[in-house]
Amino acid sequence: MGETKQEKIGNVTLDFTDYPGEDFYTDGEIEDEMLDIAMNNSPEQFSQIIEEKKSWPVFYHFSPFRTNIIDWIPFKKTDKVLEIGSGCGAITGALAKRAGSVTCIDLSKKRSMVNAYRNQEYSNITILVGNFKDIEPHLATDYDYVLLIGVFEYGQAYIGGETPYEDFMQICNRHRKQNGRMIIAIENKFGLKYWAGCREDHLGTYFSGLEGYREGGSARTFTRQGLEKILEKCQIEEYHFYYPYPDYKFMTTIYSDGYLPKKGDLCNNLRNFDRERVLLFDEKQVFDQIIEEQEFPLFSNSYLLVVGSAPKILYMKFSNDRAAEWGIRTAILRDTPQQAHVEKRPNTEEACRHLLNTKHAYELLSKRYEGTKIDINRCMVIDGDIKKGLVFEFCSGKTLESMLDECLTKADVKAFKALIDEYMYWLSYNEDSICVSNIDFIFPNILVDGDKWHIIDYEWTFEKHIDAKEIAFRAFYNYTLGGETRKACEELLMKDILGFTDKQIKTALEEEKRFQNYITGSHASVEQMRELIGNRAYELAGMLDYSNHADRKFVVQIFMDYGEGFCEENSVKLRDCYCLEKELKFEYDIPEEALRVRIDPCAYMCSVEIREIRVGDRIYTSDVIETNGVWQECGVIVFNSDDPNIIIDAVGGRKLKVDMEVMELSKALADQLVKIEPDQGIMTRTKDFLKLKIKRR
């Protein structure tokens with residue numbers, strides 16, 4: 001190890017002792033923009049900047065929701081943390097806030113500076129800049145936590161050699177102390193989103209991981225079994241798998257083998273922030289089938305692997321994509337192998353009042369439903385301190401949502417309506433006696449266990465009268481968002497049961513939108529950011545419709561004249577000749593007996609720029625080409641007929657090569673370009689253009 005070279009940015013120490021003097025890994029100019037953001041703005045301003053930039057890299061590196069992946073882990077202020085591949089510091093600040101010290105390693109100086117500037121208030125961060133292989137021999141071996149968040153997949157680049165991933169895991173693992181933990185967050189190459197049409201995260205191509213990365217690339221992701229094989233080779237026996245959903249980058253929920261998702265839970269799957277994608281099937285419906293077949297771990301989009309002892313948390317849901325006053329998190333914690341409890345904790349000081357209101361809602365709702373089968377899940381303030389949150393009993397049972405789904409699967413309309421009727425009865429029960437309304441009385445929040453209906457979530461309860469049909473609309477609307485099968489019930493629920501007109505439905509939708517805006521506050525939600533960034537998701541049905549449309553529209557027809565003129569019988573249609581809907585290129589072998597060839601490039605009004613028409617060694621120029629279009633001074637032919645054609649004399653037995661640009665025109669524009677009068681009919685080539693040469697590109 002050479003002479004120590006350090007500098008300070010705020011309170012953060014950067015160590016350049018092993019820095020090679022050049023950043024070998026960079027995303028280009030966007031990193032300069034991110035450095036500028038970090039240098040000249042406080043973290044409180046990042047959300048606004050993210051919305052203004054509408055940029056995937058800015059959103060990815062600066063979003064506060066990136067820290068969800070580690071915010072459920074029980075760090076202590078005495079913990080010593082090693083963060084390998086810290087990048088721009090998306091989670092470094094959250095670690096520094098909760099742990100005793102954080103040592104970061106990153107190859108990029110520029111990214112490390114972004115990290116330092118955004119977290120300069122923390123004095124417990126040291127960033128080691130340089131190649132991992134150069135830095136690693138000098139690291140301590142007593143870290144409480146060793147973190148690789150989105151890093152393990154680059155083991156080949158970090159380590160190299162014949163067994164890079166086994167070696168990488170062994171090297172990293174030796175730096176945690178005996179009772180410490182190593183945390184690895186990584187995509188699952190068999191994640192359902194990739195089967196459904198999301199591109200592979202690192203290569204940006206479709207199905208790369210599913211096909212075993214046969215086209216190469218520097219990153220590799222693994223299935224659970226693949227990771228377990230690596231653990232076995234490294235002789236690591238104590239480990240636990242967790243399942244971040246929708247994935248580890250912008251996780252909202254984490255599941256474990258002790259608490260796996262239930263049918264209906266996984267319905268937030270449209271998360272293509274970085275690239276366009278296709279939608280090959282309804283992921284929610286397929287997830288439901290996977291859950292029923294007990295195969296969820298195989299198809300989870302991401303894994304979070306904990307090497308070492310398991311945290312007590314079995315499940316965590318983050319509700320922090322909201323205004324600060326509503327930001328909470330909900331956890332299920334194991335007490336004994338047979339028992340668990342639920343906790344809701346505030347993310348901010350402002351959210352403490354929201355939890356107090358939840359406690360008050362429990363008291364009011366308990367009075368309203370006293371003596372009935374409706375059981376309002378009991379809650380208490382933890383240790384009498386609302387800052388610590390609320391504790392609830394863990395209830396078992398089936399969600400009303402899953403029971404309704406079962407009715408749909410069996411096509412049991414009678415049972416479906418019976419459940420809805422009972423729901424409506426309890427929704428309006430005793431509403432005139434006690435003035436309290438729970439607008440969170442929706443199907444996923446109702447657990448049915450025998451003759452009990454457990455209400456497990458009632459945070460959006462108001463001490464005022466809200467019409468039962470308005471609350472039912474929320475439940476019905478959220479239910480019908482969960483796939484085409486549910487969508488088919490929309491008319492039954494909205495019109496037959498609620499009796500709503502189209503106008504009332506529209507008004508209720510606007511009210512629901514206002515409520516969601518009230519919850520999220522002034523910032524754009526994660527889902528809204530996907531829309532702002534603008535990468536589209538193309539549905540399979542639409543793609544097939546377009547393919548059928550293109551198959552009819554982008555067709556070239558070639559006619560041969562054997563001495564008796566052109567006719568349909570002596571023609572062929574060529575498909576798949578167009579690129580980008582306008583670039584027309586093809587080759588065709590002209591039959592021996594043919595004297596002339598007619599090319600119909602399409603069946604709509606258009607302009608055609610002939611780049612080349614060649615038969616054998618002969619290149620055709622405008623003076624020997626016949627057409628029913630009108631030549632323009634620039635050398636382009638304009639057709640105001642939906643039967644454009646181009647005719648050449650040709651010697652049979654030769655290969656015809658065509659290269660054109662074909663642009664569709666409106667009738668008004670085509671007529672204007674050829675300056676046609678209504679009674680003139682279609683104009684043919686005029687003598688003024690006989691000697692024009694074809695424009696070359």
Side-chain angles (χ1 to χ4, degrees), residues 263-264 267 282 284-285 288 361 364-365 367-376 398-448 451-519:
K263 290 178 70 174
C267 55
D282 184 336
K284 186 269 173 191
Q285 301 295 335
D288 280 353
L364 293 174
L365 290 169
K367 289 180 182 178
R368 177 173 168 181
Y369 289 103
E370 189 175 8
T372 72
K373 69 185 293 184
I374 300 297
D375 172 55
I376 308 300
K398 285 185 177 181
T399 65
L400 183 57
E401 181 178 60
S402 65
M403 293 178 68
L404 290 166
D405 284 346
E406 287 174 10
C407 294
L408 294 181
T409 301
K410 298 173 184 177
D412 192 342
V413 178
K414 184 178 179 181
F416 183 90
K417 292 179 75 173
L419 284 172
I420 294 294
D421 287 344
E422 185 169 8
Y423 166 83
M424 293 298 295
Y425 172 78
W426 292 117
L427 180 60
S428 57
Y429 178 84
N430 211 13
E431 63 180 340
D432 295 329
S433 301
I434 299 176
C435 191
V436 58
S437 300
N438 173 19
I439 70 169
D440 242 5
F441 199 79
I442 58 177
F443 305 149
N445 291 340
I446 302 171
L447 278 181
V448 180
D451 62 349
K452 283 287 184 184
W453 281 28
H454 300 291
I455 311 304
I456 59 172
D457 200 346
Y458 41 83
E459 66 170 310
W460 298 109
T461 297
F462 299 93
E463 209 167 345
K464 65 178 182 178
H465 175 76
I466 299 174
D467 189 271
K469 286 190 175 182
E470 292 182 32
I471 300 173
F473 174 85
R474 290 197 78 235
F476 295 172
Y477 171 67
N478 282 284
Y479 182 71
T480 57
L481 291 177
E484 291 302 315
T485 305
R486 294 183 183 180
K487 188 73 173 174
C489 304
E490 190 171 33
E491 183 144 345
L492 168 67
L493 294 170
M494 301 298 189
K495 295 188 174 180
D496 294 355
I497 293 173
L498 291 184
F500 277 17
T501 63
D502 289 338
K503 184 178 179 180
Q504 287 174 305
I505 292 172
K506 183 180 178 181
T507 300
L509 284 171
E510 290 170 352
E511 185 60 36
E512 175 65 13
K513 186 177 180 179
R514 279 193 291 272
F515 178 66
Q516 294 302 326
N517 289 338
Y518 170 71
I519 295 173

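All heavy atoms count here, side chains included; hydrogens, waters and symmetry mates do not. Along the sequence shown, the residues carry numbers beginning at 1.
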Pair Tyr423, Trp453 - check ring pair (Phe, Tyr, Trp, His ring centres under 6.0 Å), show working. CA-CA 10 Å; Tyr423 166 83; Trp453 281 28; 7.3 Å; no

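- Salt bridge status for Glu490 with Lys495: absent, with no side-chain N to carboxylate O gap under 4.0 Å.
- Lys506 has no carboxylate O lying under 4.0 Å from a charged side-chain N of Asp502, or vice versa, which leaves the two without a salt bridge.
- Contact between Glu512 and Asn478 at its shortest, heavy atoms only, is OE2-ND2, 4.3 Å.
- Here the CZ-CD1 distance, from Arg474 to Ile466, works out to 9.5 Å after rounding to the nearest 0.5 Å.
- Between Lys284 and Glu484 there is no salt bridge, since no side-chain N of the basic residue sits under 4.0 Å from a carboxylate O of the acidic one.
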Salt bridge (charged side-chain N to carboxylate O under 4.0 Å, His left out), that's the test. Do Glu422 and Lys417 meet it? Break it down for me. CA-CA 9 Å; Glu422 185 169 8; Lys417 292 179 75 173; over 6 Å; no

Test His465 against Val436 for side-chain contact (heavy atoms from CB on, under 4.5 Å), laying out the working first. CA-CA 6 Å; His465 175 76; Val436 58; over 6 Å; no

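- Looking at Asp375, its side chain never comes within 3.5 Å of a backbone N or O of Lys452 through a donor-acceptor pair.
- Lys373 NZ: more than 12 foreign heavy atoms inside a 6.0 Å radius.
- Taking both residues in full, the closest heavy atoms of Ser437 and Ile471 are given as CB-CD1, 4.2 Å, listed atom of the first, atom of the second, then distance.
- With contacts defined as side-chain heavy-atom distances shorter than 4.5 Å, the pair Phe441/Ile446 qualifies.
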Please determine whether side-chain contact (heavy atoms from CB on, under 4.5 Å) holds for the pair Ile420 and Phe443, giving the CA-CA distance in whole Å, both sets of side-chain angles, and the decisive distance to 0.1 Å. CA-CA 10 Å; Ile420 294 294; Phe443 305 149; 3.8 Å; yes

Go through the steps to decide whether Glu406 and Lys263 satisfy the test salt bridge (charged side-chain N to carboxylate O under 4.0 Å, His left out), and finish with yes or no. CA-CA 10 Å; Glu406 287 174 10; Lys263 290 178 70 174; 5.7 Å; no

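- The CG atom of Asp432 sits 9.0 Å away from atom CZ of Arg368, with the distance rounded to the nearest 0.5 Å.
- Contact check for Asp440 versus Glu459: side-chain heavy atoms found under the 4.5 Å cut-off.
- A donor-acceptor pair under 3.5 Å links the side-chain atoms of Thr507 to the main chain of Lys503, judged by distance alone.
- Heavy atoms only, all atoms of each residue included: Gln504 and Gly499 are closest at OE1-O, 3.6 Å.
- Between the OG1 atom in Thr461 and the CG atom in Leu364 there is a gap of 8.5 Å [rounded to 0.5 Å].
- For the residue pair Asn430/Ser433, the side-chain donor-acceptor check at 3.5 Å is satisfied.
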Do Phe473 and Ile505 pass the side-chain contact (heavy atoms from CB on, under 4.5 Å) test, and can you show the C-alpha distance, the side-chain angles, and the key distance before you say yes or no? CA-CA 8 Å; Phe473 174 85; Ile505 292 172; 4.2 Å; yes

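- Of all non-hydrogen atoms in Leu419 and Cys407, the two that sit nearest each other are CD1-SG, 3.9 Å.
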Evaluate the side-chain contact (heavy atoms from CB on, under 4.5 Å) criterion for residues Glu401 and Arg486: first the C-alpha distance (whole Å), next the side-chain angles of each, then the deciding distance (0.1 Å), finally the verdict. CA-CA 10 Å; Glu401 181 178 60; Arg486 294 183 183 180; 3.1 Å; yes

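- A distance of 4.0 Å separates CG in Leu408 from OH in Tyr479, rounded to the nearest 0.5 Å.
- Tyr369 and Asn438 are not linked by any side-chain donor-acceptor pair at a separation below 3.5 angstrom, with hydrogens and angles left out of the test.
- Between Ala475 and Ile442 the shortest heavy-atom distance is CA-CG2, 3.7 Å.
- Side-chain contact between Ile376 and Tyr458 is present, with heavy atoms from C-beta onward closer than 4.5 Å.
- A distance of 12.5 Å separates OG1 in Thr480 from CD in Glu491, rounded to the nearest 0.5 Å.
- Within the model, atoms CG of Leu498 and CD of Glu470 stand 10.5 Å from one another, a figure rounded to the nearest 0.5 Å.
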